[in-house]
Amino acid sequence: MGKLIPDYKRIYNDIIVKEFPEKKDSCQRLLQKESLSVVDIMELNEKIFGTPDREAFAASQRHRSFRKKDILKILDYQKKNKLNNIQLASHFKLSRNTVTKWRKKFLI
């Protein structure tokens, strides 16, 4: 039995239609993608709800999870933009230790 993944396109589409119809144009490009990566979801979340306050951000950080393809995409972004671990962690709002662990695990 495979893991069930939430249908983020449908969730965010419903949120936009019901709560924030004025933001539909700015999010349309992301919602038209066939599948959303973690990076896309983070971008959508920021466009719709804005930047969260410290407390809300800290609480949501604990519940983040990344699939292997998303981790590889983030590490590829690091390589393309020639970022060190600190810069990458800051850009994606991750821990430096998390980035280091990913790099060791995936040998990049």
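Note: L83 CG to F92 CZ = 8.5 Å, rounded to the nearest 0.5 Å. A distance of 10.0 Å separates OG1 in T100 from CG in L88, rounded to the nearest 0.5 Å. Here the CZ-NZ distance, from R96 to K101, works out to 14.5 Å after rounding to the nearest 0.5 Å. Here the straight-line distance linking atom NZ of K18 with atom CG of N13 works out to 10.5 Å at 0.5 Å rounding. With rounding to the nearest 0.5 angstrom, the CD atom of E34 is 7.0 Å from the NZ atom of K9. Of the inter-residue distances, the one linking Q28 atom CD with L30 atom CG reads 9.5 Å to the nearest 0.5 angstrom.
Within the 4.5 Å cutoff, the side chain of W102 has no heavy atoms near those of the L72 side chain. Annotation: side chain of L31 is in contact with side chain of L44 (closest heavy-atom distance under 4.5 Å). In this structure, the side chains of E43 and R29 come closer than 4.5 Å at one or more pairs of heavy atoms. Considering only heavy atoms from C-beta on, I16 stays 4.5 Å or farther from P21 through its side chain.
A distance-only check finds a donor-acceptor pair linking the side chain of N81 to the backbone of Y77 [under 3.5 Å]. Panel note: side chain K47, backbone S26; a donor-acceptor pair is recorded below 3.5 Å.
The two residues K33 and L36 have their closest heavy-atom pair at CB-CD2, 4.4 Å. The two atoms that bring K93 and E46 nearest to each other are NZ-OE1, 3.8 Å, heavy atoms only. The minimum heavy-atom distance linking D40 with S35 is given by the pair OD2-O, 4.2 Å. For the residue pair L94 and F66, the shortest heavy atom distance occurs at CD2-CZ, 3.6 Å.
Taking the charged nitrogens against the carboxylate oxygens, D70 and R67 do have a contact shorter than 4.0 Å, which makes a salt bridge.
With no hydrogens or angles considered, no side-chain donor-acceptor pair links N84 and Q78 at under 3.5 Å.
For E19, the CD atom is loosely surrounded, since the number of other residues' heavy atoms within 6.0 Å does not exceed 12.
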> Given Y12 and I41, is the side chain to side chain contact (heavy atoms under 4.5 Å, CB included) satisfied, shown in steps?
Replying inline: CA-CA 9 Å; Y12 279 105; I41 293 167; 3.7 Å; yes
